[in-house]
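First the proteins, then the strands, lettered A, B, ... as listed; each starts at 1.
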Amino acid sequence: MTARTLYDKIWDDHVVHQADDGTCLLYIDRHLVHEVTSPQAFEGLRMTGRKVRAPEKTIAVPDHNVPTTLDRANAATMTEDSRIQVQALDQNAKDFGIHYYPVSDVRQGIVHIVGPEQGWTLPGMTVVCGDSHTATHGAFGSLAHGIGTSEVEHVLATQTLIQRKAKNFKVEITGSLRPGVTAKDITMAVIGETGTAGGTGYVIEYCGQAIRELSMEGRMTVCNMAIEGGARAGLIAPDEKTYAYCMGRPHAPKGAAWEAALAYWKTLFTDEGAFFDKVVTIKAEDIAPLVTWGTSPEDVLPITAVVPSPSDFTGGKVEAVQRALDYMGLVPGQKLSDIKIDTVFIGSCTNGRIEDLRAAAAILKGKKKKDGLRAMVVPGSGLVRAQAEAEGLAQIFIDAGFEWRLAGCSMCLAMNPDQLAPGERCAATSNRNFEGRQGRGGRTHLLSPGMAAAAAITGHLTDVREMMAETV
Amino acid sequence: MDKFTTLTGIAAPMPLVNIDTDMIIPKQFLKTIKRSGLGVNLFDEMRYNLDGSEIADFVLNQPAYRKAEIIVAGDNFGCGSSREHAPWALLDFGIRCVIATSFADIFYNNCFKNGILPIVMPQEVVDILMADAKKGANARQTIDLIGQTVTTSDGQVFPFEVDGHRKHCLINGLDDIGLTLEKAAAIDSFEKKNAALHPWA
Ligand code: SF4
């Protein structure tokens, strides 16, 4: 048998039908649903009299619109249209009999955090969601990607997706990360290297020592931003850490089924000599704590660098960089660490897990945020929130002057009331710094949780390593 | 879904790279539970001032391009979120075709599901089409999906590639779900086999 990549193997195991032109019907093991991209799909089912084919494999949770303030049980905290959207999901979940974690459930949270946490996401599965950050689930060695609403309807009705196979892209991170450098920096470094379109048409497999050394939380952070690099999915081969994370989760197999699953999962790796269409190798020790300066996730530089000039670029990027600098209110040559910020946002499906909160709390412990700065922590799920409270992290944030919120997407995309005002500048642990992403005219700098915490203390973008030196 | 065979229309030039889905339709308009009505908010933040008045020099506000049916753009069009509201907004405005050197994958796919034809052209062709589009309202370009060509207002013809299955669906206005349900037997037997092999899934 020819040597196959991890992607090849998962793909092969899910092909229901292959047409002569290579278009495949791919079976979907898990379908995650949220309130923003699903109402039109359920409406489509109703209009055509179709059912959800596999309600037991379909899991829904509201996350994008929901307020994260402590008073959210009060319906008045939601705008009319948000409420309609969340109510539509409540109703659709009930009518079609799918698994549901309503806002009132402690397990509610960002769909990409809830799926793994509840053991829905397991190695070797195909996972889809009407959301581009579905790539997150690739951390388990599952083929996970975002789909549009028409495809949501297609999966609801048929439990399959029409797909053409992507190409294989290997991203290897050799060696070990230096102190203060995290999974977020790895994934931003990859995008900085390959560009936001570098992964288009590919599925990325992340491998190498630095990836193996990451926790499952860190691996989810890496795969989460595969989409920012243009790839539809990111993958990491499962290993002992993966199994340990999955074991005992509410929807993970138990007993003999666990043993059978484990035996299969152990076959999920890229064979020696398998072919990759594209390979990029980055040395972990070359990666510094990174921040974005522009309005595309590829606009990334080490915190020690200065704002670039449009003349450093070529082609269509020259105009884009000028536009980005105007939008961001920055001038070439300015030190990144001199950029003052107004708001710090810690959360999102990129960095809203327990490890992220631990990393931020480690920097904030015994310190206070800068006066006048707005700072919030939005845990990725109700369970992450509960754990952070049990570990004493919540108190550290509160003592440092942060708002300690309930779970949701919040200021990652600002569909709920958490928004930036025009011109307001935010250090954010989320994944997109597009114009208007966090509120019209808002300015976003993407960075790791530790870097966000450091910025909250000083009031400007700051090298987290300086703060670490202080604590030792 | 409306069929797409040929189209002759005004092409709006948007010589920007990385036009993302947040630009195409900002998130405050994603709270709808319908597919229609998003056209007025297409490119909202580039198109309107905070007080709701139009920004005169934005291309789709210029008299020549208010009825554009084609957009010619830079690299990586449609990157960002998977929101299908982006093609819905384009379609609701009247855009049926986008031409660029490259597209983000999910957006590209979403276009076909909604009767919009995304065309990938090499940079030198996009440059020619962009220059042609900049001539204004009389510069109508013709897209022939059956023959797979784009013709400029002055008669230059450029071929393009499109996946056979997608072309077939677009030309005939076919719904994927109906086609897939014809393969229900194959799905049934896959599920049986899978339940035996991977019972935990
Ligand atoms: S946290 Fe942000 S990126 Fe993640 S699902 Fe929510 S809105 Fe999307």
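Salt-bridge check for A:Lys317 with A:Asp299: passed, with a basic side-chain N closer than 4.0 Å to an acidic carboxylate O. Salt-bridge check for B:Lys135 with B:Asp154: passed, with a basic side-chain N closer than 4.0 Å to an acidic carboxylate O. B:Arg83 has no carboxylate O lying under 4.0 Å from a charged side-chain N of B:Asp20, or vice versa, which leaves the two without a salt bridge.
Interface check for chain B: of the options A:Glu151, A:Glu56, A:His133, A:His145, the most heavy-atom pairs under 4.5 Å are formed by A:Glu151. Heavy-atom pairs under 4.5 Å with chain A peak, among B:Asn110, B:Ile187, B:Asp75, B:Leu16, at B:Ile187. Ranked by heavy-atom pairs shorter than 4.5 Å toward chain A, the options B:Glu84, B:Gln123, B:Lys183 are led by B:Glu84. Among B:Val17, B:Asp176, B:Thr180, the residue with the largest count of heavy-atom pairs under 4.5 Å with chain A is B:Thr180. Comparing B:Ser81, B:Pro87, B:Ser102, B:Gly74 by heavy-atom pairs within less than 4.5 Å of chain A, the highest count is held by B:Ser81. Highest contact tally toward chain A, considering only B:Leu179, B:Asp22, B:Leu197, B:Asn114, is held by B:Asp22 [criterion: heavy-atom pairs under 4.5 Å].
Applying the ring-ring contact (aromatic ring centres under 6.0 Å, His included) criterion to B:His165, with sequence neighbours excluded, gives no partner residue. Listed by chain and number, the residues in a side chain to side chain contact (heavy atoms under 4.5 Å, CB included) with B:Leu181 are A:Arg50, A:Thr158, B:Ile177 (sequence neighbours excluded).
With a 4.5 angstrom heavy-atom cutoff, B:Phe107 does not touch chain A via any of its atoms. Of the atoms belonging to B:Glu191, it is side-chain heavy atoms, and not backbone ones, that fall under 4.5 Å from chain A.
Proximity to chain A at a heavy-atom threshold of 4.5 Å picks out B:Leu30, B:Lys31, B:Thr32, B:Ile33, B:Lys34, B:Arg35, B:Asp44, B:Glu45, B:Met46, B:Tyr48, B:Asn49, B:Leu50 from residues 30-51 of chain B, in numerical order.
Side-chain contact between B:Phe160 and B:Leu145 is present, with at least one heavy-atom pair separated by less than 4.5 Å. At least one side-chain heavy atom of A:Leu413 sits less than 4.5 Å from a side-chain heavy atom of A:Arg437. At least one side-chain heavy atom of A:Thr149 sits less than 4.5 Å from a side-chain heavy atom of B:Trp88.
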Return all side-chain donor-acceptor pairs below 3.5 angstrom for residues 2-14 of chain B, not counting sequence neighbours, or 'none' if the list is empty.
| residue | atom | partner | partner atom | Å |
| --- | --- | --- | --- | --- |
| B:Thr8 | OG1 | B:Thr142 | OG1 | 2.9 |

